[in-house]
Number of protein chains: 2
Amino acid sequence: MGPDIETLIQKISRLPGLGPRSARRIVIHMIKNRDISLEPLLTSISRVFKNVKVCPICANIDTFDDICSICSDRTRRNDIICVVESVADLWAIERTSCFRGMYHVLGGLLSSIEGRGPEVLMLDKLTQRCNINGVIEIVIALSATVEGQTTDHYIKNFFGNRDIKTTSLAHGIPMGGELDYLDDGTLFAAFSARG
Amino acid sequence: MGPDIETLIQKISRLPGLGPRSARRIVIHMIKNRDISLEPLLTSISRVFKNVKVCPICANIDTFDDICSICSDRTRRNDIICVVESVADLWAIERTSCFRGMYHVLGGLLSSIEGRGPEVLMLDKLTQRCNINGVIEIVIALSATVEGQTTDHYIKNFFGNRDIKTTSLAHGIPMGGELDYLDDGTLFAAFSARG
């Protein structure tokens, strides 16, 4: 195994969810399928490297000139903004097509353990957008983890004395979930929010 | 999500062991870590694409001019050849440093289900090498699966009436393995080969 191959395996094994063994498998697959895997991947990565940017308004990542395709879409409402933790969550919501407003991607969640304070939320940028576009609702779509819920409360508090409604995603039984296997917290939330 | 990103996700999700979800995670990680992940990976893949070839003698993949680093290594014995199924197996054996001979990488194992006949074994190439280098032993290092063992027998048979010793890897209890959890086949093999 030459140094070039070894470097590539090392780099791929550092990607999330992969290790040395899966990286070796992937590299062998790529080299064996040079024309249908290695070359197209190379082109594709270099296109993304050249073209993809972070949107200066919502922090979505996309290929665009000034602002991303969501921020520049005139058919979407710009008076309702959904706050998400990451671009992956933004994509997940977009896949459901249930939301036709704008987004605000946080730089991370509040975490005293990892030393992330309110500055990662970039709420001054969000406030500015609210003032300019006359935003009437902020939908906080964060994970139901301790860090997610702490951040949720912080944002709700932050906008508490302003004329903007802040809502959060509902908690309850996931579709297809069986009562018997649910944790107590979820069952409690589902009961409290019954209707 | 732009078309460039979508294409990249699609391409990555086709790599072995990955799916759409892990591909999305990897792409987001790469874009977020542009300088420490996306760019080095791009350079690394393009180097491999440019430099890596299949060795015309043993079918190892490596960066080289004429023949691979193993075939050109004068400190290795060239009168003993190890037959492996794939380059991944070759790398696994090299990591143990237990073998200092040459290799012969098969194009696949015999499989009547997938329609692979003896031509994938490239035994004429192996025979030629045996004649030129005066090979005295062929070590068949194939998996203990039905296809691996069929191929093992075929190769043994093929060299049966020649003056070359053919050996196979030993079967038995894996290191750290507990007797109680072993399957019957392994236990039987371990008993038969006791010594």
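Letters go in sequence order (proteins before strands), and every chain restarts at 1.
The shortest heavy-atom contact between B:Phe99 and B:Ile81 is CZ-C, 4.3 Å. The minimum heavy-atom distance linking A:Gly108 with A:Leu121 is given by the pair O-CD2, 3.5 Å. The minimum heavy-atom distance linking A:Leu8 with A:Met30 is given by the pair CD2-CE, 3.8 Å.
There is no path of hydrophobic side-chain contacts, each under 4.5 Å, that joins A:Phe64 to A:Ile70.
In this structure, chain B has a heavy atom under 4.5 Å from the side chain of A:Ile31, while its backbone stays farther away.
A side-chain contact (heavy atoms from CB on, under 4.5 Å) with B:Ile26 is found for exactly one of B:Ile12, B:Leu41, B:Ile9, namely B:Ile12.
Here CD1 of B:Ile173 is found 6.5 Å from CG of B:Leu187. Values are rounded to the nearest 0.5 Å.
Taking chain A as the reference chain and counting heavy-atom pairs below 4.5 Å, the highest number among B:Pro40, B:Gly17, B:Pro3, B:Ala88 is found for B:Pro40. Most heavy-atom pairs under 4.5 Å with chain B: of the set A:Ile45, A:Leu90, A:Leu18, this distinction falls to A:Ile45. Ranked by heavy-atom pairs under 4.5 Å with chain A, the list B:Val54, B:Ile36, B:Ile61 is led by B:Ile61.
Atom CD1 of A:Ile113 is surrounded by 12 or fewer heavy atoms from other residues, nucleotides or ligands within 6.0 Å.
Between A:Ile57 and A:Cys68, every side-chain heavy-atom pair lies at or beyond the 4.5 Å cut-off.
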Check every N and O of chain B against chain A and note each donor-acceptor pair under 3.5 Å, with its distance.
residue: B:Gly2; atom: N; partner: A:Asp62; partner atom: OD1; Å: 2.8
residue: B:Asp4; atom: OD1; partner: A:Arg47; partner atom: NE; Å: 3.0
residue: B:Asp4; atom: OD1; partner: A:Arg47; partner atom: NH2; Å: 3.1
residue: B:Asp4; atom: OD2; partner: A:Asn51; partner atom: ND2; Å: 2.9
residue: B:Leu8; atom: N; partner: A:Ser44; partner atom: OG; Å: 3.4
residue: B:Arg34; atom: NH1; partner: A:Phe49; partner atom: O; Å: 3.0
residue: B:Arg34; atom: NH2; partner: A:Phe49; partner atom: O; Å: 2.8
residue: B:Ser44; atom: OG; partner: A:Leu8; partner atom: N; Å: 3.4
residue: B:Arg47; atom: NE; partner: A:Asp4; partner atom: OD1; Å: 2.9
residue: B:Arg47; atom: NH2; partner: A:Asp4; partner atom: OD1; Å: 3.1
residue: B:Phe49; atom: O; partner: A:Arg34; partner atom: NH1; Å: 3.0
residue: B:Phe49; atom: O; partner: A:Arg34; partner atom: NH2; Å: 2.7
residue: B:Asn51; atom: ND2; partner: A:Asp4; partner atom: OD2; Å: 2.9
residue: B:Asp62; atom: OD1; partner: A:Gly2; partner atom: N; Å: 2.9

